[in-house]
K.L.:
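Can you keep this structure in mind? I'll have questions shortly.
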Amino acid sequence: SQMVTNRQLTIQNNLQVDCAANTSILISGAVGGAKTSSLDVTGAGRLTLANQYAQVGTVTVRNGGTLVLGTAEANLSLGNFGNGATAPVSLNNGTLAMYNASTYDEAGTFINTIDVPEGAYSYWKLPSRSTVNNKLTGSGTIEISLPGARLDLTGDWSAFGGKMILHNTNSKPENGGEMRLNSASIRDLSNVELHLNDNVKVRVTGSGDGKESTVNNTFKFGALSGTG
């Protein structure tokens, strides 16, 4: 079953959305809340936010829940109060599925901190085109889908100490699945158990132009496995 609304939603304190299996909720109206507000998505169903305004202080997706960002604007507006402040997202056995923007101009730069708590097994589905300049924290397991030709990373994932599994989900795998490490801070995965599935490529690049970095091009990881 599906519920659809275009009404504006204001979160006063905490909003818990419990979606049962095979149930989806689509909110196309603006979502507003204070920096102290929180959104808690739980259950085996799916909540989709499809508006350019999704202001909430913190976000938790847990117990098999899925949060879908249904527009390119939603990818950038999750808890965006300006001045670089965005909502941290906790994926505790949950899924964050971002809108599959096809150009960098459309996708913009994603800066929300992602936390994967100890013992959690979570999923993060990225756009085909995007720059990710965020922090990744926690010590659980996260599966990351790469649907486009390449993903540019410029954030800091050094605080993550769990397992990271990368998937190439491009319709033409030979042309996709490339993760570019464009800054020194993103190249420190010293505590990460990194697993590369088929046709996944990790490149140390300079500024997103695809050219190999010639300065500080050391890439650290805790363990490496896979077929990529």
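All values derive from a computational prediction rather than experimental measurement.
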K.L.:
Quick one: are E73 and N75 in side-chain contact, heavy atoms under 4.5 Å?
P.N.:
no

K.L.:
Test E178 against every option in R203, R129, R150 by the salt bridge (charged side-chain N to carboxylate O under 4.0 Å, His left out) rule and name the one that passes.
P.N.:
R203

K.L.:
Report yes if the side chains of T48 and I25 come closer than 4.5 Å at any heavy-atom pair, otherwise no.
P.N.:
no

K.L.:
Find out whether I27 and L47 are in side-chain contact, i.e. whether some heavy atom of one side chain is under 4.5 Å from a heavy atom of the other.
P.N.:
yes

K.L.:
For a quick check under 3.5 Å, do W157 and D188 share a side-chain donor-acceptor pair by atom type?
P.N.:
no

K.L.:
Pairing donors with acceptors under 3.5 angstrom, does anything connect the side chains of S158 and D156?
P.N.:
yes

K.L.:
Evaluate the criterion side-chain hydrogen bond (donor to acceptor under 3.5 Å, both in side chains) for residue pair S145 and H167; output intermediate values, then yes/no.
P.N.:
CA-CA 5 Å; S145 298; H167 297 280; 5.8 Å; no

K.L.:
State, without any angle test, whether T137 and D115 hold a side-chain donor-acceptor pair at a distance under 3.5 Å.
P.N.:
yes

K.L.:
Quick one: side-chain hydrogen bond (donor to acceptor under 3.5 Å, both in side chains) partners of N112, sequence neighbours excluded?
P.N.:
none

K.L.:
For A74 and G70, work out which heavy atoms get closest and say how close.
P.N.:
CB-N, 4.1 Å

K.L.:
Are any of the side-chain heavy atoms of T227 and L196 separated by less than 4.5 Å?
P.N.:
no

K.L.:
Name the one of V68, V61, T66, L69 that satisfies side chain to side chain contact (heavy atoms under 4.5 Å, CB included) with L96?
P.N.:
L69

K.L.:
Do F110 and T131 come within less than 4.5 Å of each other through their side chains, counting heavy atoms only?
P.N.:
no

K.L.:
Would you say that D152 contacts R180 through its side chain, given a criterion of any heavy-atom pair below 4.5 Å between the two side chains?
P.N.:
yes

K.L.:
Verify whether one side chain among S28 and N6 offers a donor that lies under 3.5 Å from an acceptor in the other.
P.N.:
no

K.L.:
Could you tell me whether the side chain of I114 reaches within less than 4.5 Å of the side chain of N134, counting heavy atoms only?
P.N.:
yes

K.L.:
Can you find a side-chain donor-acceptor pair between N100 and S128 that sits under 3.5 Å?
P.N.:
yes

K.L.:
Consider only side-chain N and O atoms of S38 and N14, and report whether a donor and an acceptor are under 3.5 Å apart.
P.N.:
yes

K.L.:
Going by heavy atoms in the side chains, are T71 and N51 under 4.5 Å from each other?
P.N.:
no

K.L.:
Linking Ile, Leu, Val, Met, Phe, Trp and Tyr through side-chain heavy atoms less than 4.5 Å apart, which residues share a cluster with Y123?
P.N.:
Y121, I165

